[in-house]
Participant: 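Below is one structure. I have some questions about it.
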Amino acid sequence: MSMSIKQQLAAELGQAAGAALGVVPGDFQWQVTAANDPRFGDYQTNAAMLLAKVLRRNPRELATVIAGACEGLPACARVEVAGPGFVNFHLSDQWLGARLLGQQADPRLGVAAVPEPRRVVVDFSAPNVAKPMHVGHIRSTIIGDCLARVARFVGHEVITDNHIGDWGTQFGMILLGWKQSLDAARLETDPIAELLRIYREVNEHAKSDQAVLQACRDELVKLQAGDEENLAIWRRCVDLSLRQLREIYATLGVGFDHFLGESFYNDRLQPLVEDLLSSGLAEVSDGAVCVFFRDVPELADKPCLIRKQDGGYLYATTDLATIDHRISEWRADDIWYVVGAPQQLHFQQVFEVARRRGARAQMVHVAHGSILGQDRKLMKTRSGDNVGLREVLEEAVERARGVIDGKNPGLPEAEKAEVASIIGIGAVKYAELSQHRMTDYVFHWDRMLSLQGNTAPYLQYSYVRVRSIFRKLDDPGAELAAAVAAAPALADPAERVLALQLQRFAEVVPEVLDGFTPNALALYLHELARAFHSFFEACPVLKSDGPTRAGRLLLCDLTARVLRQGLDLLGIEVVERM
RNA sequence: GCACCCGUAGUUCAACGGAUAGAACGUCGGUUUCCGGAACCGAAGAUGAAGGUUCGAUUCCUUCCGGGUGUACCA
């Protein structure tokens, strides 16, 4: 079982200092964090200040005792007391070098597997069928995919499920439009565009014409009652839509274990509502069936509706049935919903109802902010001028292609196309993942497709630069074998900074799941790339020799692997040349 | 009304309750020893307001200001 520096230091610190101090509460958590300023050493603990409070003793005195107890640890070259009671650890170069060897030999690059794997269902993306995906869908899709990748990597059993909107009331309008004004030829060439067109047309009419609205409802009721004609049309819509959706997911490199849409749960809704009624959790109010939360103050006036007056079901109903399925069939321990922040109340209600029915799974709404239009207003689905996701991706690849043509015209044509795709898609994904998920932002092409600064191409470029070193070696295998024969000395400050940063990978990856923050990983990788570039400027590899060269090659190999693995966790690929 | 989210450099974003609030873009100034300059080094520049909690607050609590979202039969 590998431990991060943080964990190992905390464990050794607790043992050494606990013994030296004598009286420490049994449940005290010895915390160690990476120092944020080199002057404060490499790692630090504020345990003395926390203990001072419980033990009612002077924090500096405690810090002195702690520091003294840690002096002899093999990890520490120097331990200092500073400020109001910080204990700063300066790690031993030798110890750090030895850890690098361990990391190099580890296929997991030092990241520990979770001791108790859980079965986690990740629910994300969830587009509606018969509508094109627009930029707004990118967040759920990419954040969800990243969280699933990270959860898998640290050892959880992950099930990804795309809960597509394949049964909503929008089908009333689509059915009517299909029957009245479908352009069959256009349906062949661009099905989703045609479905969107008829939907919009009917929607427009329905706004001003009650009769049209009623006709839509009638079509929907027929569909829900199992009318053969409507069911056939519906199936065809779903089929055509799924085909196009899968294309986009293939482009994005996002995969799902299941596509269990809303319709999958149709015949479970009635029993579910009856069960809730008979158990007394739900009641009839104004002809609708709802669950009241009279004992929860903030929900007291916000009941959860699970059946309409007209007998129709709502999406809370479907979501409850979905939870049942995920727990009973999949034995889910955790369910993560990567869905926009506006749905907060909905999930609060649904989770509450599920808990009252005895659901034991940990259910989390991993909320994210919105993408705003140029007018700083929410990009509404029906505003008509959403930017299509496909268009964004195409433009991204095109821009990347332009840069490649300029920078590396000699690249073979096939490789150019491949690289442009990886760079372009990577840039779009990274733009999303590198910021906190709750942040709203205004959509700008340049922002999303930027290839400069803190972007995926910067990280990919770092990878390319490392790899190009290995291409220049006569015998990379032999050189690397020699490099891992001894721990690197880390004599140059830039080497040491890079080494510390490489080691932090083990700390950062698990933390992504603590607060569902892919941006923490993105930030880390950016810092790693910067540390590498600085090292690259300061420390020649190929022109060095002996142990220096061996140590630098080791750092290069680890940098390449951590970058590739880290980017992979973000869902971003690397290339060998660009 | 009630609930939730967000106010940080000119701009876009960071920061488990920790020390002098970090980056990126843009601006200004550097890098002919160099393995890919899509790079590196440096400079200027910010926590909406007021209280409170404490050794210590961008972070937690209260109030206010400003923006957004949601709130019984759409999803």
Side-chain angles (χ1 to χ4, degrees), chain A residues 31 33 35-37 39-40 44 46 49-50 52-53 58-60 82-86 88 126 128 165 167-170 262 285-290 297-316 318-319 340-346 348 367 369-370 372 376-378 381 403-404 406-408 423 431 434-436 438-442 444 446-447 450-455 457-458 460-462 464-473 511 514-515 519-520 522-523 526-527 529-530 533-544 552 556 577-578:
Chain A
Q31 296 269 349
T33 57
N36 54 13
D37 187 321
R39 287 178 308 119
F40 302 139
Q44 62 178 231
N46 53 21
M49 291 176 288
L50 300 175
K53 203 169 295 185
N58 181 302
R60 293 253 341 173
F86 291 103
N88 295 335
N128 284 328
W167 193 255
T169 42
Q170 79 263 28
E262 293 166 342
S285 168
D286 282 349
V289 178
C290 21
E298 59 270 28
L299 290 178
D301 60 340
K302 295 180 173 63
C304 178
L305 267 72
I306 54 175
R307 192 169 71 200
K308 301 192 281 185
Q309 279 180 334
D310 66 8
Y313 300 103
L314 296 111
Y315 88 135
T318 321
D319 277 358
Q343 311 235 21
Q344 183 259 137
L345 176 61
H346 165 73
Q348 206 181 344
S370 308
L372 309 179
R376 295 204 149 260
K377 297 262 195 176
L378 202 61
T381 317
V403 177
I404 293 161
K407 302 268 185 189
N408 203 348
I423 304 281
S434 61
Q435 68 186 340
H436 189 96
M438 282 309 294
T439 306
D440 285 346
Y441 68 87
V442 176
H444 285 302
D446 288 342
R447 184 192 166 285
S450 171
L451 304 178
Q452 290 186 336
N454 181 9
T455 64
Y458 177 80
Q460 289 161 324
Y461 176 62
S462 315
V464 165
R465 287 181 97 179
V466 199
R467 297 297 301 156
S468 89
I469 288 177
F470 285 92
R471 275 200 299 275
K472 293 204 159 66
L473 296 176
E511 283 169 4
D514 289 347
N519 64 310
L523 176 72
H526 181 242
E527 281 171 356
R530 293 202 320 130
H533 280 299
S534 296
F535 157 83
F536 193 86
E537 295 286 327
C539 305
V541 178
L542 297 177
K543 293 198 170 174
S544 60
R552 289 178 181 175
C556 286
R577 300 185 292 180
M578 62 194 271

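Protein chains get the first letters and strands the later ones, always in sequence-line order, with residue 1 at the start of each.
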Participant: A/Asp286: which residues meet the salt bridge (Lys or Arg N to Asp or Glu O under 4.0 Å) condition with it, sequence neighbours left out?
Facilitator: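 With sequence neighbours excluded, A/Asp286 shows a salt bridge (Lys or Arg N to Asp or Glu O under 4.0 Å) to no residue whatsoever.
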
Participant: With sequence neighbours left out, what residues match A/Arg60 under side-chain contact (heavy atoms from CB on, under 4.5 Å)?
Facilitator: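 For A/Arg60, the residues satisfying side-chain contact (heavy atoms from CB on, under 4.5 Å) (neighbours in sequence not counted) are A/Asn58, A/Val81.
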
Participant: Please identify each residue that fulfils side-chain hydrogen bond (donor to acceptor under 3.5 Å, both in side chains) with A/Asp37, with sequence neighbours left out.
Facilitator: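 A/Asp37 satisfies side-chain hydrogen bond (donor to acceptor under 3.5 Å, both in side chains) with A/Arg39 once adjacent residues are dropped.
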
Participant: What is the nucleic acid contact for A/Gln44, judged by heavy atoms within less than 4.0 Å: base, sugar-phosphate only, or nothing?
Facilitator: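 A/Gln44: base contact, heavy atoms under 4.0 Å.
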
Participant: May I ask you to say what A/Ala300 touches in the nucleic acid, namely base, sugar-phosphate or nothing, with a heavy-atom cut-off under 4.0 Å?
Facilitator: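 Touches nothing.
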
Participant: Considering residues at least two apart in sequence or located in another chain, which fulfil the side-chain hydrogen bond (donor to acceptor under 3.5 Å, both in side chains) criterion with A/Glu527?
Facilitator: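 None.
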
Participant: When you compare B/A9 with B/G52, how far apart are their P atoms, in angstrom units rounded to a whole number?
Facilitator: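 The same atom, P, in both gives a distance of 25 Å.
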
Participant: Does A/Thr439 have a side-chain nitrogen or oxygen under 4.0 Å from the phosphate oxygens OP1 or OP2 of B/A14?
Facilitator: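 Yes.
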
Participant: Considering only the C1' atoms, how many Å lie between B/G56 and B/A24, rounded to the nearest integer?
Facilitator: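 These two C1' atoms come out 30 Å apart once rounded.
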
Participant: Check side-chain contact (heavy atoms from CB on, under 4.5 Å) between A/Glu537 and all other residues, then give those that pass, not counting sequence neighbours.
Facilitator: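 With neighbours one apart ignored, the set is A/Arg465.
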
Participant: Treating primed atoms plus P, OP1 and OP2 as sugar-phosphate and everything else as base, which nucleotides of nucleotides 32-37 of chain B get B, S or - for protein heavy atoms under 4.0 Å?
Facilitator: --SBBS

Participant: Are A/Asn36 and B/G22 close enough that a side-chain N or O sits under 4.0 Å from OP1 or OP2?
Facilitator: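 For A/Asn36, the contact criterion (side-chain N or O under 4.0 Å from OP1 or OP2 of B/G22) is not met.
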
Participant: Look at the side-chain N and O atoms of A/Tyr458 and state whether any lies under 4.0 Å from the OP1 or OP2 oxygen of B/C40.
Facilitator: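 Indeed, a polar side-chain atom of A/Tyr458 lies that close.
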
Participant: What pairs of nitrogen or oxygen atoms, one from the protein and one from nucleotides 24-26 of chain B, lie under 3.5 Å apart?
Facilitator:
| from | atom 1 | to | atom 2 | distance (Å) |
| --- | --- | --- | --- | --- |
| B/A24 | O2' | A/Asn454 | N | 3.3 |

Participant: Go ahead and write out RNA chain B as dot-bracket, 5' to 3': ( ) for pairs within the strand, [ ] for ones crossing earlier pairs, | when the partner sits on another strand, dots for unpaired; Watson-Crick or G-U wobble, both distances under 3.5 Å.
Facilitator: (((((.(..((((....[...)))).(((((.......)))))....(((((..]....)))))).)))))....

Participant: Kindly say whether, by distance alone, the side chain of A/Asn88 makes a donor-acceptor pair under 3.5 Å with the base of B/A19?
Facilitator: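 Answer yes: a donor N or O sits under 3.5 Å from an acceptor.
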
Participant: Counting only side-chain heavy atoms from C-beta out, which of B/A75, B/G68, B/G1 sits nearest to A/Lys302?
Facilitator: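 Closest nucleotide among those given: B/G1.
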
Participant: Mind checking if A/Gln343 touches a base, just sugar-phosphate, or nothing, with heavy atoms under 4.0 Å?
Facilitator: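 Base: the residue A/Gln343, judged by heavy atoms under 4.0 Å, touches a nucleobase.
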
Participant: With sequence neighbours excluded, tell me which residues meet salt bridge (Lys or Arg N to Asp or Glu O under 4.0 Å) with A/Glu298.
Facilitator: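 By the salt bridge (Lys or Arg N to Asp or Glu O under 4.0 Å) rule, A/Glu298 matches no residue at all.
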
Participant: With RNA chain B as reference, determine whether A/Trp167 or A/Pro297 sits nearer its 5' end, using the nearest nucleotide of each.
Facilitator: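 Looking at RNA chain B, the more 5' nearest nucleotide goes with A/Pro297.
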
Participant: Please identify each residue that fulfils side-chain hydrogen bond (donor to acceptor under 3.5 Å, both in side chains) with A/Arg530, with sequence neighbours left out.
Facilitator: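 Expected list: none.
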
Participant: Would you classify A/Asp319 as touching base, sugar-phosphate or nothing, given that sugar-phosphate means primed atoms plus P, OP1 and OP2, and contacts are heavy atoms under 4.0 Å?
Facilitator: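 Nothing: the residue A/Asp319, judged by heavy atoms under 4.0 Å, touches no strand.
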
Participant: For A/Val403, which contact category applies under a 4.0 Å heavy-atom criterion: base, sugar-phosphate, or nothing?
Facilitator: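 Base, at least one base heavy atom under 4.0 Å.
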
Participant: Base, sugar-phosphate, or nothing: which does A/Tyr313 touch, judged by heavy atoms less than 4.0 Å apart?
Facilitator: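 Counting heavy atoms under 4.0 Å across all strands, the contact made by A/Tyr313 is with sugar-phosphate only.
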
Participant: What does the B/S/- profile of nucleotides 55-63 of chain B look like, 5' to 3', with a 4.0 Å heavy-atom cutoff to protein?
Facilitator: B--------

Participant: Nearest-nucleotide wise, let me know which of A/Gln344 and A/Gly312 is further upstream toward the 5' end of RNA chain B.
Facilitator: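 That would be A/Gln344.
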
Participant: Compare side-chain N and O positions of A/Asn128 against OP1 and OP2 of B/C74 and report whether any pair is under 4.0 Å apart.
Facilitator: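 No, outside the criterion.
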
Participant: Taking only residues two or more places apart in sequence, or in another chain, which ones meet A/Arg307 in a salt bridge (Lys or Arg N to Asp or Glu O under 4.0 Å)?
Facilitator: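 Partners of A/Arg307 under the salt bridge (Lys or Arg N to Asp or Glu O under 4.0 Å) test: none.
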
Participant: Let me see the working for A/Ser462 and A/His533 under side-chain hydrogen bond (donor to acceptor under 3.5 Å, both in side chains), right down to the final yes or no.
Facilitator: CA-CA 7 Å; A/Ser462 315; A/His533 280 299; 3.1 Å; yes

